[in-house]
Enquirer: 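To start, I am sharing the structure in question, which I have written as structure tokens.
Lettering of chains follows the sequences in order, A, B, ..., and the numbering in each one begins at 1.
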Number of protein chains: 2
Amino acid sequence: MVRTRRGESPLAILAGKYLNLNEDERELLGSLDNQPRRIARNSEVVREGRAADNLFVVQSGWLLSYTIMPDGRRQVLQVHLPGDIIGFCDMPLPSFTYELKSLTDCSLCMLTHGHIQDIFHKTPRLTGFLLSLMMVDQKTHTDRLRVLGRMNARDRVIHFLLSTLVRLRMIDQAEGNIFDFPMTQFDLADAVGLTNVSVSNALSSLQEQGALKRSTGKMQILDEAYMREAVSFINRFESIDISWFPYLPPAKDK
Amino acid sequence: MVRTRRGESPLAILAGKYLNLNEDERELLGSLDNQPRRIARNSEVVREGRAADNLFVVQSGWLLSYTIMPDGRRQVLQVHLPGDIIGFCDMPLPSFTYELKSLTDCSLCMLTHGHIQDIFHKTPRLTGFLLSLMMVDQKTHTDRLRVLGRMNARDRVIHFLLSTLVRLRMIDQAEGNIFDFPMTQFDLADAVGLTNVSVSNALSSLQEQGALKRSTGKMQILDEAYMREAVSFINRFESIDISWFPYLPPAKDK
DNA sequence: CGACGCGTTGAGTAGCCTCAACGACAGTGG
DNA sequence: CCACTGTCGTTGAGGCTACTCAACGCGTCG
């Protein structure tokens, strides 16, 4: 794994785990991170139906994308962490089809399609990297289908916590097994298709058996091995290979 | 919408709905369809863990990809119809992470990563098309998250039938509201996170109220408007715009 | 004809939901 | 500094939806 530079953006940290960026690439990636916009905690960033003519790169903070059901209930589609690119998959669509809300104070970079096209023009390695990220993203979505379709409350919560943990590790924002956790139990419930009551029960029970520990705004995974086993967890980020993309010289060196 | 040529492959039909293929593109797309391999009904095509060094284009027939839970239950991740590209998203991964089984007799074309790279080299328009398809695919996955997370049995079944219907229409394999439906109720149940019993109840109830009609191997949607309303259905294929991809001259003409 | 897969229906159960009350806590304003 | 307020998490009682288990009929295919 490539060492990360001090002050690097989360997306650059992520990229650095898969390829050695050269100067041009570093600069291009940096251009995505320009002029971040500050967003206050708990504010709506985009509303459903808005034209999907730009995307966001998360610099810092957590966000949720979700849809509202006719009866008012919510389904969280994705939790967005630093380094995430929001709206990539919406490029072929005329408008956003979900709501986007900040959980914490955030710093977001706004991109146009032009920025992405620029990358596609100039650097096949970064293109391959971005597309690979998107494909892995899709994999994590199918993993969630398995969770929502076939798992009980307890396992849903376990799976969610694990997948959050490994994502935070990718951007060096987990200290061992401890990480910031700004979601309410309502948020978590809407992410895994439960109610806050079931989430509360599941978390309490897991804490009681010593699998995890909560303190305000923090989460600690105490028995990661047990939890991985319980849900047959697969870390999709472990084994990404971006060399499938054409024009790529073998790029990864550890 | 471009008229479809007689005998065209389903993928070409699909492409034709979004762009006017020129000769080169038609040929390249055709090269994906070469030498289809025949697969008998109900056979395992790939098993989990196999190296993901090739992909499949479905020429004809239905397939399921699914995972098995530790307790033996199944979660169907995707139903694959003619024109689908299977394994696109697995390219950055070392191995398939699901099982693939044929529901009917199938005809499959096997591609290597090289075929895809070839397209990426030679024609930005087809590249944009393929990537757009993948992105739309991801959208349908998030739609399913909403279904599995927040819908009751009846609505799950409705949503599944509608999404199947619109996909079949895209490849000209639905006659109005009637289409071949080779899935068992077990298959359907595993696709929407239910049991065969619940599916049976839901289907019976829908038939009784006159929303649909079943005959062996066939399905007819009688009250599409009602069903769309019930699940707030969005047809993701209606409004794909592939012009976001760089190098694309404005390509779509109706 | 028998075997098997599939669909249907019923009875009983379990897990999660709904509703509700309450305590802890942070933020606000006096 | 302290009430006041609203959000969040917890816990309990009761209900409902979908599940489990089971039996049976039907059609298909050896």
Side-chain angles (χ1 to χ4, degrees), chain A residues 40-43 62 64 69 71-76 101-105 147-161 180-208 212-219, chain B residues 40-43 62 64 69 71-75 101-105 147-161 180-208 212-219 230:
Chain A
R41 179 169 164 274
N42 242 319
S43 41
W62 291 40
L64 293 185
M69 307 295 291
D71 62 6
R73 289 182 308 161
R74 215 173 39 148
Q75 175 64 46
V76 167
K101 205 189 81 175
S102 59
L103 281 180
T104 65
D105 291 343
V147 170
L148 295 188
R150 290 299 184 209
M151 281 191 192
N152 64 23
R154 183 194 175 77
D155 289 346
R156 292 184 192 210
V157 170
I158 291 178
H159 185 98
F160 182 88
L161 293 177
D180 284 334
F181 193 73
M183 295 175 75
T184 69
Q185 293 185 353
F186 288 89
D187 295 329
L188 209 171
D190 290 338
V192 297
L194 296 169
T195 59
N196 66 316
V197 178
S198 300
V199 167
S200 177
N201 289 333
L203 285 174
S204 302
S205 135
L206 285 169
Q207 175 151 347
E208 192 176 357
L212 59 81
K213 188 157 174 298
R214 292 168 291 167
S215 40
T216 43
K218 291 275 186 183
M219 184 69 71
Chain B
R41 178 171 164 273
N42 242 319
S43 40
W62 291 40
L64 293 185
M69 306 295 290
D71 61 7
R73 288 181 308 162
R74 213 171 45 146
Q75 175 64 45
K101 206 188 80 175
S102 59
L103 281 180
T104 66
D105 291 342
V147 171
L148 295 189
R150 291 298 184 211
M151 282 190 191
N152 63 23
R154 182 195 177 76
D155 290 346
R156 292 184 193 210
V157 169
I158 291 178
H159 185 96
F160 182 87
L161 293 177
D180 285 333
F181 193 72
M183 295 175 74
T184 69
Q185 293 185 354
F186 288 90
D187 295 330
L188 210 171
D190 290 338
V192 297
L194 297 169
T195 60
N196 65 316
V197 177
S198 301
V199 168
S200 176
N201 290 332
L203 285 174
S204 303
S205 137
L206 285 170
Q207 175 151 350
E208 190 176 356
L212 58 82
K213 188 156 175 299
R214 294 167 290 166
S215 38
T216 45
K218 291 274 186 185
M219 183 70 71

Enquirer: Determine the minimum heavy-atom distance between Thr195(B) and Ala189(B), stating which atoms define it.
Expert: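 Heavy atoms only, the tightest pair is C-CB, 3.3 Å.
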Enquirer: Is the shortest side-chain N/O distance from Gln185(B) to OP1 or OP2 of dG5(C) below 4.0 Å?
Expert: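 Checking Gln185(B) against dG5(C): no side-chain N or O falls below 4.0 Å of OP1 or OP2.
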Enquirer: Under 4.0 Å between any heavy atoms, over every strand shown, what does Val199(A) touch: base, sugar-phosphate, or nothing? Just pick one.
Expert: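 Counting heavy atoms under 4.0 Å across all strands, no contact is made by Val199(A).
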Enquirer: Quick check: on DNA chain C, is the nucleotide nearest Val197(B) upstream (toward 5') of the one nearest Arg41(B), or the reverse? Name the residue that is more 5'.
Expert: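 Mapping each residue to its closest nucleotide by heavy atoms, the 5'-most match is Arg41(B).
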Enquirer: Starting at CG of Asn196(A) and ending at P of dC16(C), how long is that distance when rounded to a whole Å?
Expert: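 To the nearest whole Å, that distance equals 14 Å.
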Enquirer: Give one of base, sugar-phosphate or nothing for Arg156(B), where a contact means two heavy atoms less than 4.0 Å apart.
Expert: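 It contacts nothing in the nucleic acid.
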Enquirer: Looking at every strand, decide which applies to Arg154(B) at a 4.0 Å heavy-atom threshold: base, sugar-phosphate, or nothing.
Expert: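 Nothing: the residue Arg154(B), judged by heavy atoms under 4.0 Å, touches no strand.
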Enquirer: How do Arg150(A) and Thr184(A) order along DNA chain D: which one's closest nucleotide is nearer the 5' end?
Expert: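 That would be Thr184(A).
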Enquirer: Is Val147(A) close to Phe160(A) at the side-chain level, that is, under 4.5 Å between some pair of heavy atoms?
Expert: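 Phe160(A) vs Val147(A): side chains apart.
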Enquirer: Just the rounded figure in Å: distance from P of dC25(C) to CZ of Arg214(A).
Expert: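 For the pair Arg214(A) CZ and dC25(C) P, the rounded distance is 14 Å.
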Enquirer: Roughly, in whole Å, what's the span from CG in Leu203(A) to P in dC16(C)?
Expert: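 Result: 14 Å.
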Enquirer: Under 4.0 Å from OP1 or OP2 of dT8(C): is there any side-chain N or O of Ser200(B) that close?
Expert: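 Result: yes.
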Enquirer: Which atom names give the shortest non-hydrogen contact between Arg74(B) and Phe186(B), and what distance separates them?
Expert: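 The answer is NH2-O, 3.9 Å.
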Enquirer: Which atom pair, heavy atoms only, marks the closest approach of Thr104(B) to Trp62(B)?
Expert: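 It is OG1-N, 3.0 Å.
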Enquirer: Could you verify whether a donor N or O on one side chain and an acceptor N or O on the other, from Thr184(B) and Asp187(B), lie under 3.5 Å apart?
Expert: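 A donor-acceptor contact under 3.5 Å links the two side chains.
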Enquirer: Would you mind reading off the distance between Phe186(B) atom CZ and dG7(C) atom P, rounded to a whole angstrom?
Expert: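 So the CZ-P distance, Phe186(B) to dG7(C), works out to 7 Å.
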Enquirer: Please determine whether a side-chain nitrogen or oxygen atom of Ser198(A) lies at a distance below 4.0 Å from atom OP1 or OP2 of dC16(C).
Expert: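 Answer no for this pair, as no side-chain N or O of Ser198(A) is under 4.0 Å from OP1 or OP2.
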Enquirer: What is the separation between atom CE on Met151(B) and atom C1' on dA18(D), rounded to the nearest whole Å?
Expert: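 Computing the Met151(B):CE to dA18(D):C1' distance gives 17 Å.
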Enquirer: Round to the nearest Å and state the distance from Leu103(A) atom CG to dT7(D) atom C1'.
Expert: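 That distance rounds to 15 Å.
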Enquirer: Taking only side-chain N and O atoms of Thr195(A), does any of them lie within less than 4.0 angstrom of OP1 or OP2 on dC16(C)?
Expert: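 False: Thr195(A) side-chain N/O out of range (4.0 Å or more) of dC16(C) OP1/OP2.
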Enquirer: Could you check how far CG of Asn42(B) sits from P of dC4(C), rounded to whole Å?
Expert: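 Value for this atom pair: 16 Å.
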Enquirer: Counting the atoms with a prime plus P, OP1 and OP2 as sugar-phosphate, which does Asn201(B) contact under 4.0 Å by heavy atoms, base, sugar-phosphate, or nothing?
Expert: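 Since a base atom lies under 4.0 Å of Asn201(B), the category is base.
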Enquirer: Between C1' on dC17(C) and CG on Leu194(A), what's the gap in Å once rounded to a whole number?
Expert: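 Whole-Å distance recorded here is 10 Å.
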Enquirer: If you look at every strand shown and take non-hydrogen atoms under 4.0 Å, does Gly193(B) touch a base, only sugar-phosphate, or nothing?
Expert: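 The residue Gly193(B) makes sugar-phosphate contact but no base contact.
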